[in-house]
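First the structure, in the form of structure tokens, and then the observations on it.
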Amino acid sequence: MIAADAPGARRWPVISALGIVQIFAWGSSYYLLAVFAGPIAAETGWPLSWVVGGLSLGLFVAGMASPRVGEAIRRHGGRPVLALSSILLAAGLLIFATAPVLPVFVAGWVVLGIGMGAGLYDAAFATLGGIYGREARSAITTLTLWGGFASTVCWPLSALFIEHLGWRWSCVAYALIQLGLCLPLILFVLPGNGRAAPAAADRQSTIRLSGPERRAYLTMMAIMVLAGLSVTIVSVHLLTMLQGRGLSLAEAVALGALIGPAQVTARLIEMAGGGRHHPIWTLAGAVGLSAVGLVMLALGLPLVGATIFLYAAGNGIFSIAKGALPLALFGADRYAPIMGRLARPSLIAQAIAPTLGAMLLSAAGTDWTLNVLATLALANILLVIILWKDME
């Protein structure tokens with residue numbers, strides 16, 4: 001549903017506020033353990049695998065919650081849902097900070113996972129779709145630029161917090177950022193939903209899909225699942241795979257550092273296009289670049305830096321495509337609930353991906369793991385072609 005005050009909602013204040021919220025939503029959830037896991041395990045004696053496994057639980061919970069999140073955004077607008085997300089993220093972080101035993105820490109990930117489902121990209125995209133309707137594409141693109149700096153901002157900040165505060169008080173610090181910075185930005189900058197929620201019967205009719213729409217929906221869901229598997233396995237295990245190819249840890253880290261700049265560069269290029277092309281082109285470019293990068297890496301071709309840059313560039317604009325294409329295919333009125341439904345299997349795939357990647361590396365080695373990733377990427381090209389044909 002498009003808010004009644006959408007036409008008057010100035011873009012830059014709204015997108016900037018939501019961008020800051022996204023940086024700290026990602027930084028205090030998805031990216032948290034990259035810096036926190038070691039200190040938590042070292043101080044508590046909890047198994048590192050259980051500490052790190054909390055993120056998988058959080059992603060699973062986020063996936064289970066996402067359809068209800070999408071429907072809530074459609075009915076009430078994004079502001080109350082995102083506000084609840086900040087409160088839940090803060091609550092989860094405070095549970096971490098006070099957890100006396102591992103089960104309490106793990107329970108904190110259930111709370112944090114609901115906050116992730118209500119506050120990360122899918123919910124933010126649905127919020128922008130509710131505010132700007134079919135004109136939300138450029139806002140989605142700009143928001144991904146902000147989100148691309150989450151690790152850049154929060155990893156050094158996390159290291160600084162831990163050095164001076166320890167991991168428990170660092171969790172408190174992030175909780176205070178959620179409540180003292182993100183929550184006010186959501187409540188006082190984002191526009192509200194100015195229209196009443198539809199009746200139950202009308203609500204059901206707005207998310208009904210025709211035959212061609214359902215095929216497109218299922219194809220898009222499959223694309224997002226395969227992409228979610230690939231990107232999470234690469235994110236978690238890239239350094240291990242590069243070392244498996246004979247690179248030193250320092251070389252692997254230096255090459256991995258290309259991912260952030262590549263994603264931002266690709267998003268800037270997409271932004272410069274001004275949305276003049278259909279988002280199916282963005283999706284095709286995303287899966288194509290990712291596939292070229294992963295195939296080159298699987299084949300062991302030289303110029304590994306260029307290979308990683310191509311893969312990361314594709315992943316960077318995929319974030320835009322997965323937000324913009326459903327808006328173009330299904331319209332603004334159904335956008336939020338459809339985004340919520342599309343997010344569930346993708347987030348569940350991301351939840352199992354770290355374990356799946358570890359099993360592949362352990363059982364089959366680096367070469368076969370890269371072959372599997374390349375195959376998934378090529379399968380996504382085929383799915384995009386099918387989607388394109390269905391749209392004709």
Side-chain angles (χ1 to χ4, degrees), residues 26 29-31 33-34 49 52-70 109-110 112-126 144 147 216-238 240-241 259 263 283 286-287 290-291 293-294 311-312 314-323 325-326 337-364 368-384 386-387:
W26 284 93
S29 61
Y30 188 88
Y31 291 118
L33 290 180
S49 59
V52 175
L55 176 59
S56 292
L57 175 61
L59 288 169
F60 178 82
V61 172
M64 297 305 294
S66 60
R68 290 186 178 273
V69 169
W109 277 103
V110 175
L112 205 77
I114 301 173
M116 292 166 69
L120 296 185
Y121 270 155
D122 297 302
F125 292 163
T144 63
Y217 167 82
L218 292 174
T219 306
M220 189 72 196
M221 179 182 292
I223 291 168
M224 290 174 63
V225 166
L226 294 186
L229 281 171
S230 297
V231 70
T232 308
I233 290 174
V234 172
S235 297
V236 174
H237 298 293
L238 177 62
T240 301
M241 292 187 289
I259 290 178
Q263 291 183 150
L283 181 63
V287 300
S290 294
L294 289 173
Y311 158 78
N315 183 48
I317 58 174
F318 183 83
S319 297
I320 299 170
K322 77 170 186 176
L325 185 56
I338 284 176
M339 283 297 293
R341 293 182 179 189
L342 286 172
R344 172 182 281 180
S346 175
L347 287 167
I348 292 173
Q350 292 176 60
I352 67 172
T355 302
L356 178 61
M359 292 172 59
L360 280 171
L361 284 167
S362 176
W368 273 103
T369 301
L370 288 171
N371 288 338
V372 169
L373 291 172
T375 301
L376 293 177
L378 291 172
N380 251 355
I381 290 179
L382 178 61
L383 288 171
V384 171
I386 293 171
L387 180 60

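Between Ser29 and Leu120, the shortest heavy-atom distance links the atoms OG-CD2, 4.1 Å. Nearest heavy atoms, Leu342 versus Pro326: CD1-CG, 3.9 Å. Taking every heavy atom of both residues into account, Gly117 and Val69 meet most closely at O-CG1, 3.6 Å. For the residue pair Met220 and Ala321, the shortest heavy atom distance occurs at CE-O, 4.2 Å. Nearest approach of Ala349 to Leu229, heavy atoms of both residues: O-CD2, 3.5 Å. The minimum heavy-atom distance linking Ala118 with Ala123 is given by the pair O-CB, 3.4 Å.
Residue Ile381 holds its CD1 atom at 12.5 Å from CD1 of Ile386, rounded to the nearest 0.5 Å. Note: Ile223 CD1 to Leu218 CG = 11.0 Å, rounded to the nearest 0.5 Å. Between atom CG of residue Leu55 and atom CG of residue Leu59 there is a gap of 4.5 Å, rounded to the nearest 0.5 Å. Distance check, rounded to the nearest 0.5 Å: CG of Leu33 to OG of Ser56 gives 9.5 Å. Annotation: the span from Leu387 atom CG to Leu382 atom CG amounts to 11.5 Å, rounded to 0.5 Å. Here the straight-line distance linking atom CD1 of Ile114 with atom CZ of Arg68 works out to 11.5 Å at 0.5 Å rounding.
Side chain of Ser362 to main chain of Ala358: no donor-acceptor pair is present (N/O by atom type, distance under 3.5 Å, no hydrogens or angles). No donor-acceptor pair under 3.5 Å is formed between the side chain of Ser230 and the backbone N or O of Ala227.
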**Request:** Kindly indicate, with the supporting measurements, whether the criterion side-chain contact (heavy atoms from CB on, under 4.5 Å) is fulfilled by Leu283 and Phe318.
**Result:** CA-CA 6 Å; Leu283 181 63; Phe318 183 83; 3.6 Å; yes
**Request:** Could you give me the CA-CA distance, side-chain angles and deciding distance for Leu361 and His237, then say whether side-chain contact (heavy atoms from CB on, under 4.5 Å) is met?
**Result:** CA-CA 9 Å; Leu361 284 167; His237 298 293; 3.7 Å; yes
**Request:** Walk me through it: do Met64 and Leu347 pass the test side-chain contact (heavy atoms from CB on, under 4.5 Å)?
**Result:** CA-CA 8 Å; Met64 297 305 294; Leu347 287 167; over 6 Å; no
**Request:** Check the pair Asn380 / Leu383 against side-chain contact (heavy atoms from CB on, under 4.5 Å), numbers first and verdict last.
**Result:** CA-CA 5 Å; Asn380 251 355; Leu383 288 171; 3.6 Å; yes
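By the neighbour-count criterion of 12 heavy atoms within 6.0 Å, atom OH of Tyr31 is densely surrounded, having more than that number from other residues, nucleotides or ligands.
Met241 is listed as a side-chain neighbour of Leu373, based on a closest heavy-atom distance under 4.5 Å. Within the 4.5 Å cutoff, the side chain of Leu294 has heavy atoms near those of the Val234 side chain.
Annotation: ring pair (Phe, Tyr, Trp, His ring centres under 6.0 Å) contacts of Tyr217 (sequence neighbours excluded): none. With sequence neighbours excluded, the residues forming a side chain to side chain donor-acceptor pair (under 3.5 Å) with Ser319 are Arg267, listed by chain and number.
Applying the side-chain hydrogen bond (donor to acceptor under 3.5 Å, both in side chains) test to residues at least two apart or on different chains, the pairs with a partner in residues 344-356 are Ser346-Gln350.
Taking the six-membered ring where tryptophan is involved, the planes of Tyr121 and Phe125 are essentially parallel, since the angle between them stays under 30° and well short of 60°.
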